[in-house]
Amino acid sequence: MAMILITGLSTRAIAESAVRGGHQVVTLDYFGDRDQRALVENHALLRDFALPFSAEALLQASHRLDFEAVVYISNLENHPEVVGELARGRVLLGNAPVVLHQVRDWQALRAFCHEAGVPCPTTLLPGEEKDTSSTARWLRKPVRSGGGHGIRLWAGETLGEAHILQEYIEGRPASAAFVADGQRSVLIGLTEQLIGRRELGARGFAWCGNILPLALPPAEGVIVLEAVERMAARLTCRFGLQGVNGVDLVVADGLDGRPCPFLVEVNPRYTGSMELVERAYGLNVFSLHLEALAGRLPDFSLAEHLRPQGQYFGKGIVYARRTVIMPETVGWTEQGRRDVPFPGEQIKAGHPVCTVLAEGEGREACWSHLLAGVEAVRQEIGDENGGTA
């Protein structure tokens with residue numbers, strides 16, 4: 001069995017999936033959390049190499065590892081040239097650099113949306129600021145976006161080459177997960193995105209978790225599901241997407257008054273919401289990824305699993321409100337916590353502490369259990385009344 005390197009910012013969730021699916025993997029990321037190191041061979045930029053996080057640092061550290069194939073996750077989709085170097089002389093298990101160049105190019109993506117009839121927020125490139133409407137609000141987003149970091153409301157300044165403008169659409173942040181073989185796609189998850197939730201210590205537009213499924217009345221759920229399936233199919237055909245992929249969405253009222261998913265961004269790799277897909281539907285996402293790359297898609301219908309009542313699954317990223325020193329964290333995994341730091345680690349204000357998993361009968365019960373889990377973490381680390389990040 002070939003050794004597969006999984007690399008990116010935080011590899012714990014996809015590593016769990018790989019191990020559960022019986023695959024032989026080694027991981028390279030930034031954090032090197034305690035629960036991941038108990039599961040697989042892990043190497044961390046911070047702890048093992050004293051390197052800051054960057055795509056180039058991951059490439060540099062990978063030269064010290066032995067592997068025959070590579071899977072990349074966030075945020076290497078923004079660095080096609082690094083992906084190409086990582087895979088030099090090895091098997092690339094994911095979308096090729098040329099695909100990343102295209103699907104992560106904002107000019108190409110907005111042209112696709114216009115031609116394919118895919119609803120999306122108006123997106124403007126540097127030099128097009130004059131085309132903004134004074135009746136709309138605009139977000140200034142990094143070209144190499146990821147996790148909502150660096151996004152803020154636009155104050156009218158001239159854009160540099162590293163940023164774009166995107167119209168702010170009032171609605172429900174959501175995400176979808178699908179698996180594709182370059183020509184066809186199968187939707188495997190539709191979730192609510194948790195963005196900037198102060199209960200989790202997040203600020204601004206930072207991603208801080210998901211709740212699955214996306215809670216919608218039955219009739220609206222069918223409309224949104226079918227629209228997202230069409231969106232995934234058109235993206236797959238246009239860009240030749242393969243393996244597991246995700247899209248960020250905002251569900252808002254369309255011109256006809258019906259709920260409409262607006263495409264905000266394409267994430268052509270494993271995404272954070274897929275951990276919940278695996279827990280809820282009994283799918284092994286890592287295995288699905290490899291199967292799709294070999295041209296085999298699952299016999300799965302998400303429509304059969306979407307219902308307003310029933311079991312909901314959530315994950316929340318706990319952000320520190322103040323700088324804390326971690327206590328003993330043995331046993332945290334058994335309490336539904338993931339991405340567990342080692343005792344004695346310093347977590348700075350505004351940085352992630354860990355991930356909390358929860359479930360409940362119905363959306364509100366799941367959210368309540370998630371918040372209870374977050375508060376339990378804060379009490380243990382002395383961050384229950386913290387300051388602002």
Side-chain angles (χ1 to χ4, degrees), residues 6-16 26-58 60-62 64 73-76 146-151 194-209 272 275 315-358 370-389:
I6 303 174
T7 187
L9 177 62
S10 177
T11 56
R12 188 273 315 162
I14 188 173
E16 280 192 10
V26 56
T27 61
L28 170 63
D29 65 1
Y30 178 65
F31 297 99
D33 291 312
R34 184 174 191 172
D35 49 335
Q36 181 173 193
R37 293 206 156 185
L39 187 69
V40 297
E41 179 186 344
N42 168 258
H43 302 268
L45 293 179
L46 179 64
R47 180 173 292 106
D48 299 321
F49 302 103
L51 291 172
F53 179 77
S54 71
E56 292 74 17
L58 289 174
Q60 177 184 338
S62 74
R64 308 189 195 183
I73 60 169
S74 178
N75 64 355
L76 286 172
H149 300 293
I151 299 176
L194 303 176
I195 303 293
R197 299 303 295 254
R198 289 183 173 263
E199 301 96 326
L200 301 177
R203 295 290 186 269
F205 295 92
W207 171 77
C208 51
E275 179 171 19
K315 65 181 291 184
I317 313 303
V318 185
Y319 287 87
R321 294 170 174 161
R322 58 160 61 122
T323 298
V324 296
I325 302 297
M326 294 303 299
E328 176 56 70
T329 55
V330 67
W332 273 32
T333 302
E334 290 72 25
Q335 297 178 64
R337 301 168 186 174
R338 298 293 188 273
D339 306 309
V340 177
F342 284 90
E345 280 192 43
Q346 181 187 80
I347 310 292
K348 294 183 179 179
H351 289 223
V353 176
C354 69
T355 298
V356 172
L357 301 176
L370 189 61
L371 290 184
V374 170
E375 287 309 306
V377 169
R378 293 205 188 283
Q379 289 179 12
E380 289 188 38
I381 67 175
D383 190 35
E384 57 269 34
N385 298 315
T388 58

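- Contact annotation: the side chain of Leu370 approaches that of Leu194 to within less than 4.5 Å [non-hydrogen atoms, C-beta and beyond].
- Thr333 is listed as a side-chain neighbour of Arg338, based on a closest heavy-atom distance under 4.5 Å.
- Heavy atoms only, all atoms of each residue included: Gly344 and Ile325 are closest at O-CG2, 3.8 Å.
- Every residue meeting the side chain to side chain donor-acceptor pair (under 3.5 Å) condition with Glu41, not counting sequence neighbours, appears here in chain and number order: His43.
- In terms of the side chain to side chain donor-acceptor pair (under 3.5 Å) criterion, Gln346 has no residue partners (sequence neighbours excluded).
- Contact annotation: the side chain of Thr11 never approaches that of Phe31 to less than 4.5 Å [non-hydrogen atoms, C-beta and beyond].
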**Item:** Stepwise side-chain contact (heavy atoms from CB on, under 4.5 Å) check, Lys315 with Val356
**Value:** CA-CA 6 Å; Lys315 65 181 291 184; Val356 172; over 6 Å; no
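- Screening residues 46-56 for side chain to side chain donor-acceptor pair (under 3.5 Å) gives Arg37-Asp48, Arg47-Glu345 as the qualifying pairs, with residues at least two apart or on separate chains.
- Between Val318 and Arg378 the shortest side-chain heavy-atom distance falls below 4.5 Å.
- Residues Ala57 and Pro52 share a closest heavy-atom pair of CB-O, 3.5 Å.
- For Gln379, the side chain to side chain donor-acceptor pair (under 3.5 Å) criterion is met by no residue, not counting sequence neighbours.
- Taking the salt bridge (charged side-chain N to carboxylate O under 4.0 Å, His left out) definition, one finds that Asp339 meets it with Arg12, sequence neighbours left out.
- Judged by distance alone, the side chain of Arg322 and the main-chain N or O of Gly382 form a donor-acceptor pair under 3.5 Å.
- Listed by chain and residue number, Val324, Met326, Pro327, Trp332, Val353, Val377, Asp383 satisfy the side-chain contact (heavy atoms from CB on, under 4.5 Å) test with Ile381 (two or more places apart in sequence, or in another chain).
- Of all the heavy atoms in Cys354 and Pro341, the pair that sits closest is CB-CD, 4.3 Å.
- The minimum heavy-atom distance between Ile347 and Pro352, with the atom names listed, is CG2-O, 3.6 Å.
- A donor-acceptor pair under 3.5 Å links the side-chain atoms of Glu328 to the main chain of Val330, judged by distance alone.
- The shortest non-hydrogen separation linking Tyr319 to Trp207 is OH-O, 3.0 Å.
- The shortest side-chain heavy-atom distance between Asp29 and Asn42 falls under the 4.5 Å cut-off.
- Leu76 and Ala55 get closest at one heavy-atom pair: CD2-CB, 3.6 Å.
- With rounding to the nearest 0.5 angstrom, the CG atom of Leu45 is 5.5 Å from the CG atom of Leu51.
- Considering only heavy atoms from C-beta on, Leu200 stays 4.5 Å or farther from Ile317 through its side chain.
- The backbone N or O of Phe342 lies less than 3.5 Å from no partner atom in the side chain of Thr329, so there is not a single donor-acceptor pair.
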